[in-house]
Amino acid sequence: MSTEKRYYITTPIYYVNDSPHIGHAYTTLACDVMARFMRLDGYRVLFLTGTDEHGQKVEKAAAAAGIEPKAFTDKVSENFRALARRMNYSNDDFIRTTEERHIRASQAIWQALESRGEIYLGHYEGWYAVRDEAFYAESELIAGPDGTRLAPTGAPVEWVKEESYFFRLSAWGERLLAYYDAVPDRILPETRRNEVVSFVKSGLQDLSVSRTSFGWGVKVPGAPKHVMYVWLDALTNYITAVGYPDTGSAEFKTFWPADLHMVGKDILRFHAVYWPAFLMAAGLAPPRRVFAHGWWTNEGQKISKSLGNVIDPIALVDTYGLDAVRFFLLREVPFGNDGDFSRAAMVRRMNVELANDLGNLAQRTLSFIAKNAGGVVPAKGSLSEDDAALLAQAGGLLDTLRAQMGRQAFHEALESVWVLVRAANAYIDRQAPWALRKTDPARMETVLLVLAETLRHLGILLQPFMPDSMGKLLDQLAVPAAARGFDLLATGALVPGTALPAPSGIFPRYVETGAAEAAPVAPGKGTKPGKTPPGASKPDAGQGG
RNA sequence: GGCGGCGUAGCUCAGUGGUAGAGCAGGGGAAUCAUAAUCCCUUGGUCGGGGGUUCAAAUCCCUCCGCCGCUACCA
C-alpha cells in the first residue's frame with residue numbers, strides 16, 4: 001500500500017425496479033459530500049455508485065414491459081445516472097451489475113469461497129408465498145380463517161424445497177464480533193451497531209446463496225442451473241470496481257478495503273454481517289466502516305407509493321434549487337436519524353440560513369467593498385483583538401470539520417460553520433465599517449479584509465456541501481481555482497489590491513408563490529392578540545413535494 | 001416475548017455527577033453596509049412519573065408510563 005492518502009466510499013447500488021426517490025438522492029448526496037471533502041483535503045478518492053440489475057423482480061418487470069431484461073435495465077439504470085448528473089454528484093465510477101467486469105468478479109468470489117470450503121450444496125426449504133415471492137420463517141406466519149397458514153401479508157404459503165448452495169455463515173459469528181470490536185465506530189450510528197451485534201450474538205444460520213427458480217442473474221460457476229443470490233452478486237460490486245479478481249492491481253491495492261459503505265438502515269445487515277463474512281471467507285479484507293442512515297418522512301407522514309407522497313428529488317431541485325436542497329438534507333437532521341421533509345422547514349432553512357445569514361453576509365461585505373474600497377481586496381492594517389479572534393475562529397474550523405466529517409456528522413459540521421457565519425455577522429455590526437468609512441478609512445479596509453478572509457474560509461470549507469454556490473462566492477473573492485483546496489486555507493490569503501468582480505447575490509430568498517396573500521391584514525402587521533382578522537385561516541400547501 | 005434506544009424550553013436537538021444550553025419561533029431595543037437582511041437584550045423548562053444512592057443527579061440504580069428500532073435469506 002502506498003503512503004498516499006486515499007479514501008474509498010460507496011453508495012449501495014440501487015435496485016432498478018424503482019425509480020429514483022429522495023432516499024436514493026440522500027444516500028448518494030452524503031457520499032458526495034464526503035468524497036468532495038476528502039478530495040479537498042488532499043486524499044485520492046474513489047467514489048462509487050451504480051445500479052443493481054439482477055433478480056426475479058427485474059426479470060418480471062421486464063417481462064411485464066415486454067422487453068428483454070437487459071434492455072429494461074439499460075433504461076432504468078439511466079434514470080439513476082441522470083439523477084447523479086442533476087444532483088451534481090462527483091462519483092468517479094458508475095457500476096452496473098450486468099457489466100462483464102462485474103460478472104467476472106462475482107464468479108471469481110464464488111470460486112474463492114467454494115475453493116476454501118465456504119460453500120456447499122444443500123437444499124433450501126421453507127414456507128414460500130408465491131404472491132410475495134418470499135420465504136417466511138415459521139414464527140412469522142399467521143393463522144388464516146380456516147386454520148391454514150398465511151404469510152404476514154396474508155398471502156397463502158406453501159412448503160417448498162429446492163436445491164441450493166449455502167454459505168457457511170454459521171461459522172463466522174465469533175470472527176464477526178471480533179471484527180466489530182477491532183476498531184471503534186465500525187458500524188455507525190451506535191444504536192445500529194448494537195442491533196447488528198445483538199443479531200450476530202443470537203446465532204447465525206448458513207445462508208442460501210443460489211437460486212434455481214429464475215434465471216436473471218450471475219450464473220453459478222459449474223452449476224448453470226443456479227443463479228447467484230442477488231445480494232452476493234450485488235455486494236461484490238464494491239470489489240469489482242477496484243479490479244477484483246485482480247487483487248494485485250494498483251487499484252485494488254490502493255483502495256481496498258473500502259473506508260465507508262454508506263447505506264440506508266434497511267440494508268444494514270447485508271453490509272455489516274453478510275458482506276464482511278463473505279469477504280473474510282474469501283480471504284479478503286472487510287470494509288473499514290458501514291454507516292446506516294435514516295429515512296425521510298414527508299410533512300410528518302411516512303412515505304409510500306400507496307400514499308402517493310413519494311418525494312421526487314428532481315422536482316425538489318426544480319423548486320428550491322440544487323444547493324439549497326443539498327444543504328437542507330444534510331442540515332435539517334442529525335445524520336443517522338430519521339428526518340421530516342416539510343415545505344415550511346425547507347423554506348425556513350433556505351431563507352434564514354442561506355439567504356439571511358450567509359448570503360447576506362457575503363452580499364453586504366462584497367458590495368461594501370465594491371462601493372467603498374475600490375472594488376479590490378482591501379488593505380490589511382494591524383489587527384485588533386476582535387479581528388484576530390474572528391480570523392482565528394475561521395482558521396480553526398478545518399480541524400473541527402475534519403473530526404465531525406470523520407464521523408459523518410454532517411449536521412454538526414454545518415452547525416460549526418454557522419457558528420462562524422453568525423460570528424462574522426456580529427463582527428461586522430460591532431466594527432461598523434459604514435461608520436469607519438468617515439472616521440478611519442484605513443481601519444475600515446482592515447475590517448473588510450478580515451471579513452473577506454472569513455468569507456474565503458467559508459467558501460472553501462462549504463464547497464463539499466454546495467459546490468456551485470461556493471464556486472460563485474470564491475469567484476467573487478477572486479480566489480483562483482488552484483487555491484480552493486484545504487491545503488491553501490491557511491497560506492492562500494487574499495492579496496490586497498486584487499481586483500474583484502462585481503458582487504451578485506448567491507442565495508436569493510425563496511418567496512412562496514400562490515395563495516398566502518388571501519387575507520388582507522391591516523397595515524399594523526395584524527399580529528395583535530385578541531382579535532383574529534376575518535378569513536385568517538392558515539393557507540397551507542396540501543400537496544407534497 | 002427477548003435485546004436495544006429514546007422521552008430536556010412552543011419546535012428540532014446538545015448536554016452522562018457539581019448552580020439547566022443552542023438554533024428556530026415569541027417579546028423589547030439598536031443600527032441602516034446589505035437579499036427589510038443584521039446585531040444586542042429578553043420571555044420560556046419542577047430535564048416523562050415515582051422511588052433510591054450521593055454533600056451534590058437531566059446525568060448512576062430500581063420501578064412505572066409512552067414512543068421507536070432489531071429479532072435473517074423481496075431488494
Side-chain angles (χ1 to χ4, degrees), chain A residues 12-18 52 54-58 60 124 126 129 132-137 139-140 153 164 166-167 169 189-211 229-232 234 264-270 273-274 292 294 331-334 337-340 342 344-345 348-349 351-372 411-412 415 418-419 421-422 424-437 444 447-448 451 503-511 527 529:
Chain A
I13 47 176
Y14 301 117
Y15 203 52
V16 292
N17 197 36
D18 216 355
D52 180 10
H54 288 137
Q56 190 169 24
K57 286 194 176 181
V58 171
K60 291 204 169 176
Y124 187 76
D132 300 341
E133 297 170 15
F135 281 92
Y136 291 101
S139 59
E140 289 181 281
T153 57
S164 172
F166 283 82
F167 169 68
L169 182 64
E190 186 73 24
T191 180
R192 298 293 163 204
R193 180 204 144 91
N194 293 345
E195 290 177 3
V196 169
V197 169
S198 135
F199 175 78
V200 172
K201 278 187 175 163
S202 75
L204 298 172
Q205 302 169 18
D206 288 350
L207 188 68
S208 164
V209 288
S210 77
R211 295 292 136 87
Y229 173 48
V230 284
W231 271 107
L232 176 51
K265 64 185 182 182
D266 56 326
I267 54 172
L268 176 60
R269 183 195 304 147
F270 301 98
V273 180
Y274 301 168
R331 169 62 165 150
E332 180 69 3
V333 174
N337 291 6
D338 288 349
D340 181 49
S342 76
R348 192 184 315 126
R349 288 286 180 196
N351 285 349
V352 173
E353 298 190 331
L354 292 182
N356 297 355
D357 287 348
L358 177 57
N360 187 53
L361 171 68
Q363 184 68 8
R364 67 198 304 208
T365 300
L366 292 167
S367 72
F368 201 90
I369 289 173
K371 288 174 192 167
N372 302 294
H411 62 296
E412 287 183 35
E415 174 58 24
W418 253 255
V419 168
V421 171
R422 290 183 210 112
N425 272 319
Y427 169 87
I428 194 172
D429 272 44
R430 263 196 317 274
Q431 297 301 327
W434 45 92
L436 293 170
R437 177 169 56 128
M444 175 197 78
V447 167
L448 294 175
L451 286 163
S504 69
I506 304 165
F507 297 114
R509 284 182 69 76
Y510 182 83
V511 182
T527 45

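Here is how names work: the chains are called A, B, and so on, in the same order as the sequence lines, proteins then strands, and each is numbered from 1.
Comparing B:rA9 with B:rG52, their C1' atoms are spaced 28 Å from each other, to the whole Å. Nucleotides B:rU16 and B:rU54 have their C1' atoms positioned 16 Å apart, rounded to a whole Å. Taking the P atom of each, B:rC13 and B:rG7 are spaced 10 Å apart, rounded to whole Å. Comparing B:rG48 with B:rC11, their P atoms sit 14 Å apart, to the nearest whole Å. When the P atom is compared between B:rU43 and B:rC33, the two are found 32 Å apart, to the nearest whole Å. Taking atom C1' in both B:rG4 and B:rU46, one finds a spacing of 30 Å when rounded to whole Å. Remark: the separation of the C1' atoms in B:rG21 and B:rC62 is 29 Å, to the nearest Å. B:rA37 and B:rA31 have their C1' atoms separated by 12 Å, given to the nearest Å.
In this structure, the side chain to side chain contact (heavy atoms under 4.5 Å, CB included) partners of A:Val333, at least two apart in sequence or on a different chain, are A:Trp296, A:Asn337. Among residues two or more places apart in sequence or in another chain, the ring pair (Phe, Tyr, Trp, His ring centres under 6.0 Å) test is passed with A:Tyr274 by A:Phe270. Partners of A:Phe199 under the side chain to side chain contact (heavy atoms under 4.5 Å, CB included) rule, at least two apart in sequence or in another chain, are A:Leu204, A:Arg269, A:Val273.
Counting heavy atoms from C-beta on, the side chains of A:Tyr229 and A:Ser208 never come closer than 4.5 Å. Looking only at side-chain heavy atoms (C-beta outward), A:Leu354 and A:Arg349 stay at 4.5 Å or farther from each other. Annotation: side chain of A:Asp338 is in contact with side chain of A:Lys265 (closest heavy-atom distance under 4.5 Å). Annotation: side chain of A:Trp418 is in contact with side chain of A:Val421 (closest heavy-atom distance under 4.5 Å). A 4.5 Å side-chain heavy-atom check between A:Val209 and A:Phe166 finds every atom pair outside the cut-off.
B:rC39 is paired with B:rG29 under the Watson-Crick or G-U wobble criterion, all donor-acceptor distances under 3.5 Å. Base pairing of B:rA72: no nucleotide in any strand meets the Watson-Crick or G-U wobble criterion (both distances under 3.5 Å). Checking B:rG66 for Watson-Crick or G-U wobble geometry (two distances, each under 3.5 Å) identifies B:rC6 as its partner. Under the Watson-Crick or G-U wobble criterion, with both distances below 3.5 Å, B:rU54 has no partner in any strand shown. Base pairing annotation: B:rU16 forms no Watson-Crick or G-U wobble pair, as no partner gives both donor-acceptor distances under 3.5 Å. Under the Watson-Crick or G-U wobble criterion, with both distances below 3.5 Å, B:rG23 is paired with B:rC11.
In terms of position along RNA chain B, the nucleotide closest to A:Arg348 lies nearer the 5' end than the nucleotide closest to the other residue of the pair A:Arg348 and A:Tyr124.
Contacts between residues 194-201 of chain A and RNA chain B, defined by a heavy-atom separation below 4.0 Å, involve A:Asn194, A:Glu195, A:Phe199, listed by number.
Protein atom CG of A:Leu268 is 10 Å distant from nucleotide atom C1' of B:rC70, rounded to whole Å. When rounded to the nearest whole Å, the span between CG of A:Asp266 and P of B:rC74 equals 13 Å. One atom, NZ of A:Lys265, and another, P of B:rG5, lie 17 Å apart when rounded to the nearest Å. One atom, CZ of A:Arg331, and another, P of B:rC11, lie 19 Å apart when rounded to the nearest Å. The NZ-P distance, from A:Lys60 to B:rA75, rounds to 13 Å in whole Å.
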As a quick check of understanding, evaluate salt bridge (charged side-chain N to carboxylate O under 4.0 Å, His left out) for A:Lys57 and A:Asp52, giving each step before the final call. CA-CA 11 Å; A:Lys57 286 194 176 181; A:Asp52 180 10; over 6 Å; no
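A salt bridge is defined here as a Lys NZ or Arg NE, NH1 or NH2 lying under 4.0 Å from an Asp or Glu carboxylate O, and A:Arg348 with A:Glu353 fails to meet this definition.
Contact record, A:Ile13 with A:Ala234: CD1-O, 3.5 Å, taken as the closest heavy-atom pair.
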At under 4.0 Å between heavy atoms, how does the protein contact nucleotides 32-40 of chain B? Give one character per nucleotide, 5' to 3', with B, S or -. SBBB-SBS-
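The residue A:Gln205 sits close to a base: some heavy atom pair falls under 4.0 Å. Residue-level contact check: A:Tyr274 touches the bases, meaning some heavy atom is under 4.0 Å from a base atom. If you check every strand for non-hydrogen atoms under 4.0 Å, A:Leu366 touches nothing. Residue A:Trp231 is in base contact, counting any heavy-atom pair closer than 4.0 Å across all strands shown. Within 4.0 Å of A:Gly203, counting heavy atoms only, lies at least one base atom of the nucleic acid. Among the protein residues, A:Ile267 comes within range of no part of the nucleic acid, since none of its heavy atoms lies under 4.0 Å from any strand.
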List every contact pair, protein side and nucleotides 12-16 of chain B side both N or O, where the distance is under 3.5 Å.
none

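For the atom pair OH (A:Tyr15) and NE2 (A:His54), the distance works out to 9.5 Å, reported to the nearest 0.5 Å. In this structure, CH2 in A:Trp434 is found 5.0 Å from CZ in A:Arg364, a value given to the nearest 0.5 Å.
In summary, of the residues considered (A:Asn360, A:Val352, A:Asn351), a side-chain contact (heavy atoms from CB on, under 4.5 Å) with A:Arg509 occurs for A:Asn351 alone.
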